Amino acid sequence: MKNLNNKIKKIKIIIKRLADLYPDAKIHLKYNSAFELLISTILSAQCTDELVNKVMVPLYKEKYKTPKDILNDGIDNFRNNIKSINFYNNKSKSIFKLCEILEKKYNGNVPNSLEELTELPGIGRKSANVILGNYFGKKDAIIVDTHFKRVTSRLGLTENNDSEKIELELKELVPPSEQFDFSIRIGEHGRIICKAKSPKCDECNLNDICPSAYK
DNA sequence: CTCCCGATAT
DNA sequence: ATATCAGGAG
């Protein structure tokens, strides 16, 4: 119990400092609709947001605005158009199947619950929470990507290695109204300071409360 | 636990 | 030439 309270106090400090450091942090993916965000989120798996933007923004503009647009163009054309993105073969299959489901089951719309989203091909909990937080304004969304895993682990906020367990664990520690912003800022911090290989602990404003600093 | 698989930085 | 980037499905 004392340990839990200490964690919560520590998280309060982290929330405050990250908010000061990254007041306007937001997702790097560019989109004009829930559909575009959904497609780009699938494509961003194990891939940078920048590359997804580079490939997809022109495609959304000229041809792929709705699930029907992708279905009508055919899977071969779609796959060919995204082939500079990694895992393009699997991702094309997921997205094509996804578009069929969106048409048949959701009238071309994007569902807005975690349960419905994670049933869609290519969408796991991380991607579902990205959609819910960024498009549907859900504040109590913890987004566990590779950055979130690494940074929260280094900070001593979790001892878990499983993404879903980390998500549920942190949902108990971070105030619901802060969860989404916290996730985005942790991700930003992971990209800029708390990098996988050579973390910049000397530049980190959390190094005084981080058990992993300078190691 | 294995497969998927290209772009960019160094 | 090699390291780094960074989720989901079967």
Side-chain angles (χ1 to χ4, degrees), chain A residues 22 25-31 34-59 70 75-102 110-111 113-135 141-155 158 160-171 179-180 182-201 203 212:
Chain A
Y22 311 109
K26 58 174 174 44
I27 191 174
H28 295 207
L29 290 176
K30 293 181 180 156
Y31 57 94
F35 176 68
E36 292 183 4
L37 177 59
L38 183 63
I39 300 302
S40 284
T41 302
I42 293 176
L43 293 174
S44 74
Q46 295 288 95
C47 178
T48 62
D49 288 359
E50 282 65 31
L51 178 62
V52 174
N53 289 336
K54 184 175 159 189
V55 174
M56 294 313 291
V57 169
L59 288 172
I70 291 179
I75 190 166
D76 291 333
N77 286 332
F78 184 77
R79 177 173 38 229
N80 211 41
N81 284 328
I82 67 156
K83 72 178 185 323
S84 55
I85 293 176
N86 62 355
F87 310 143
Y88 62 90
N89 206 12
N90 280 348
K91 287 173 178 176
S92 297
K93 286 178 193 164
S94 292
I95 289 173
F96 212 72
K97 183 67 185 154
L98 165 73
C99 288
E100 292 176 343
I101 295 172
L102 290 181
V110 176
S113 75
L114 183 67
E115 295 69 35
E116 292 172 304
L117 283 167
T118 50
E119 275 176 24
L120 299 173
I123 302 288
R125 295 186 72 93
K126 179 262 179 183
S127 298
N129 280 314
V130 165
I131 312 286
L132 292 170
N134 286 286
Y135 192 83
I142 294 280
I143 299 168
V144 184
D145 60 7
T146 182
H147 299 298
F148 194 94
K149 259 177 117 160
R150 181 180 68 253
V151 177
T152 53
S153 165
R154 283 178 176 167
L155 283 167
T158 180
N160 252 308
N161 201 29
D162 177 75
S163 295
E164 183 170 348
K165 285 181 181 164
I166 295 174
E167 180 191 333
L168 300 178
E169 195 179 351
L170 270 289
K171 276 187 94 66
Q179 292 177 358
F180 173 66
F182 177 74
S183 300
I184 296 290
R185 288 170 179 148
I186 287 277
E188 197 72 358
H189 199 61
R191 262 184 293 275
I192 300 170
I193 302 289
C194 195
K195 302 199 290 181
K197 266 303 175 187
S198 37
K200 302 179 174 176
C201 297
E203 297 174 31
S212 314

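These numbers come from a predicted model, not from an experiment.
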Are Arg185(A) and Glu188(A) ion-paired here, with the side-chain N under 4.0 Å from a carboxylate O?
no
Between N or O atoms, less than 3.5 Å apart, protein on one side and nucleotides 8-10 of chain C on the other: list the pairs.
residue	atom	partner	partner atom	Å
dG8(C)	OP1	Gly124(A)	N	3.2
dG8(C)	OP1	Ser127(A)	N	3.0
dG8(C)	OP1	Ser127(A)	OG	2.5
dA9(C)	OP1	Gly122(A)	N	2.8
dA9(C)	OP1	Ile123(A)	N	3.4

With [atom1] as the reference atom in both, quote the distance from [N] to [M] in angstrom, rounded to an integer.
N      : M      : atom1 : answer
dA3(C) : dC5(B) : C1'   : 16 Å
dC4(B) : dC5(C) : P     : 23 Å
dA6(C) : dC3(B) : C1'   : 16 Å

Ignoring hydrogens and angles, tell me if any N or O in the side chain of [X] forms a donor-acceptor pair with the backbone of [Y] under 3.5 Å.
X         : Y         : answer
Lys149(A) : Asn161(A) : yes
Gln179(A) : Lys171(A) : yes
Lys91(A)  : Leu43(A)  : yes
Asn86(A)  : Gln46(A)  : yes

If you compare every side-chain N and O of Asn86(A) against the phosphate oxygens of dA6(C) (OP1, OP2), does one of them come in below 4.0 Å?
no
Spacing of [X] atom [atom1] relative to [N] atom [atom2], expressed in whole Å:
X         : N      : atom1 : atom2 : result
Lys83(A)  : dC4(B) : NZ    : C1'   : 17 Å
Asp49(A)  : dA7(B) : CG    : P     : 17 Å
Leu43(A)  : dA7(B) : CG    : P     : 14 Å
Lys93(A)  : dC3(B) : NZ    : C1'   : 12 Å
Ile85(A)  : dG6(B) : CD1   : P     : 12 Å
His28(A)  : dA7(B) : NE2   : P     : 22 Å
Leu29(A)  : dA6(C) : CG    : C1'   : 13 Å
Ile192(A) : dA6(C) : CD1   : P     : 11 Å

Could you check whether Arg191(A) gets within reach of a base, just the sugar-phosphate, or nothing at all, counting any heavy atom under 4.0 Å?
sugar-phosphate
With a 4.0 Å cut-off on heavy atoms, is Lys91(A) in touch with a base, just the backbone sugar-phosphate, or nothing at all?
nothing
Is there a side-chain contact (heavy atoms from CB on, under 4.5 Å) between Phe148(A) and Ile142(A) once you walk through the steps?
CA-CA 9 Å; Phe148(A) 194 94; Ile142(A) 294 280; 3.7 Å; yes
Single hit among Glu115(A), Glu119(A), Glu167(A) for salt bridge (Lys or Arg N to Asp or Glu O under 4.0 Å) with Arg125(A)
Glu167(A)
Going by centres under 5.5 angstrom and planes under 30 degrees, do the aromatic ring of Phe87(A) and the base ring of dC5(B) stack?
no
Can you tell which of dC5(B), dC5(C), dG7(C) lies closest to the side chain of Thr48(A)?
dC5(C)
May I have the step-by-step check of side-chain contact (heavy atoms from CB on, under 4.5 Å) for Ile123(A) and Leu38(A), ending in yes or no?
CA-CA 9 Å; Ile123(A) 302 288; Leu38(A) 183 63; 3.4 Å; yes
Dump the pairs, protein N or O against N or O of nucleotides 8-10 of chain B, anything under 3.5 Å, distances to one decimal.
residue	atom	partner	partner atom	Å
dT8(B)	OP1	Lys54(A)	NZ	2.8

Asn134(A) and Lys26(A): side chain donor to acceptor below 3.5 Å
no
Ignoring hydrogens, what is the shortest heavy-atom contact between Asn53(A) and Lys30(A)? Give both atom names and the distance.
OD1-N, 2.8 Å
